[in-house]
Amino acid sequence: MNAEPLMPETFIEVVLPGEVEPEGLEIRHGAVPVAGPGEVVIRMEATGVSFAEQQMRRGRYFDQPAFPFVPGYDMVGTVTAVGEGVDPTLAGTRVAALLKVGGWSSHVRVDAADVVPVPEGIGAAEAETLVVNGITAWQMLHRKARVRAGGTILVHGANGGVGSVLVQLALAAGMKVIGTASTRHHDTLRDQGIVPIDYRTDNLTARVRELAPAGVDAVFDHVGGRGIVDSWRLVAPGGTLVSYGSASTRDDEGSKQWPILKLLGRVWLWNALPNGRRAYLFNIWAGRALAKNRFRTRLRADLAQVFAALQRGDVTARIAAQLPLTRAAEALRLAESGTVAGKVVLHP
């Protein structure tokens, strides 16, 4: 008996047409992309909703492309095709990729040099929760702040996507962690060994000073705005402030560049002062334009460290929900609601 003919793969992507409500996302079908020289095609198994996509739909992300475009900051999937000059053994391999845009698609074409193999035993959804969040957390903690074992850090949004990974990496490295979060997450943080602070009702500065009278060795701040000044004041001599977002300006009107430029100005000023402290505005893409190979090597090494931490049990994958790509609007609403812990993951 003749075998049934294989059905051709179908292609689907979610398009952000402009500044729209989540229900304004568009579903588009087309042809599966073909791998060019030096490229691979990845069949997506998991992508996610991060703060970046939430800001992009508002037109508020600092360097987002012009509308329309396919969002999706990162993804995990299996290589289905390799282009000329690419190791053919990559076909069939599960990989992760950091994209900035394009991940909300059933198939993604990327440079082969930009994919990172996912170790066996790690599921696609698990890996997805740790791509952009894990790389960001690892690089801020170990490449920027470089806090030693026994040091104390303050993590704003300790229950958030990046924050939840960062606190686990810090605990595994022997650091003491203070974390801000709403009260409903405090028991979970305490169970991990984190000292929680309610950022809404507690006097944050006074409470941190009680716990660390001389200040903390590092503060990780995704909020920005006026609160960044308080974060800087809580840094001990020799310590580091790492700012990596401006969540406080999420719903602001006007220039999307201004909050970042204002942060940059503050960072420049603080670093010019003779106070023995350092400040950084973290950008995961820093260095890529000038030294692409170095950037790729560092990203590959750091994500490998995060995956190894997951395999050791130092880090857990926190999946808030899993929804099909066609329900991206619902996934975006859920992620923006602030009611879930972990990452909202999309699958084909």
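These figures come from a predicted structure and were not determined experimentally.
- For the pair K144 and Y280, the distance from NZ or CZ to the six-membered ring centre is under 6.0 Å and the angle to the ring normal is within 45 degrees.
- Under 4.0 Å is where a charged nitrogen must lie from a carboxylate oxygen, and between R148 and D217 no such pair does.
- A cation-pi contact, defined as under 6.0 Å to the ring centre and within 45° of the axis, is absent between R277 and W270.
- Side-chain atoms of R184 and N159 form no donor-acceptor pair, as typed in the model, at a separation below 3.5 Å.
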| Could you go step by step and tell me if R278 and T240 meet the side-chain hydrogen bond (donor to acceptor under 3.5 Å, both in side chains) rule? | CA-CA 5 Å; R278 303 181 307 277; T240 307; 2.4 Å; yes
| said: Is there a side-chain contact (heavy atoms from CB on, under 4.5 Å) between L204 and D230? Walk through the geometry before answering. | reply: CA-CA 9 Å; L204 176 64; D230 291 331; 5.5 Å; no
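- Listed by chain and number, the residues in a side chain to side chain donor-acceptor pair (under 3.5 Å) with R294 amount to none (sequence neighbours excluded).
- Between the side chain of E53 and the main chain of S50, a donor-acceptor pair closer than 3.5 Å is present.
- A donor-acceptor contact closer than 3.5 angstrom is absent between the side chains of H29 and T10.
- Although no hydrogens or angles enter the test, the distance criterion places a donor-acceptor pair under 3.5 Å between the side chain of N203 and the main chain of A206.
- There is no side-chain donor-acceptor pair under 3.5 Å between E13 and S106.
- Between Y73 and Y61, the ring planes lie perpendicular to each other; the angle is over 60°, past the 30° to 60° tilted range.
- By the 30° and 60° cut-offs, the orientation of the rings of F69 relative to F67 is parallel.
- Side-chain heavy-atom separations under 4.5 angstrom define the hydrophobic clusters, and the remaining members of the one that includes W268 are L269.
- Residues passing the side-chain contact (heavy atoms from CB on, under 4.5 Å) test with D87 are T89, sequence neighbours excluded.
- In this structure, a donor-acceptor pair under 3.5 Å is absent between the side chains of E45 and H347.
- No side-chain heavy atom of I319 sits under 4.5 Å from any side-chain heavy atom of K343.
- No donor-acceptor contact under 3.5 angstrom links the side chains of R43 and T80, judged on distance only.
- Counted by atom type alone, E128 and T47 present zero donor-acceptor pairs between their side chains at under 3.5 Å.
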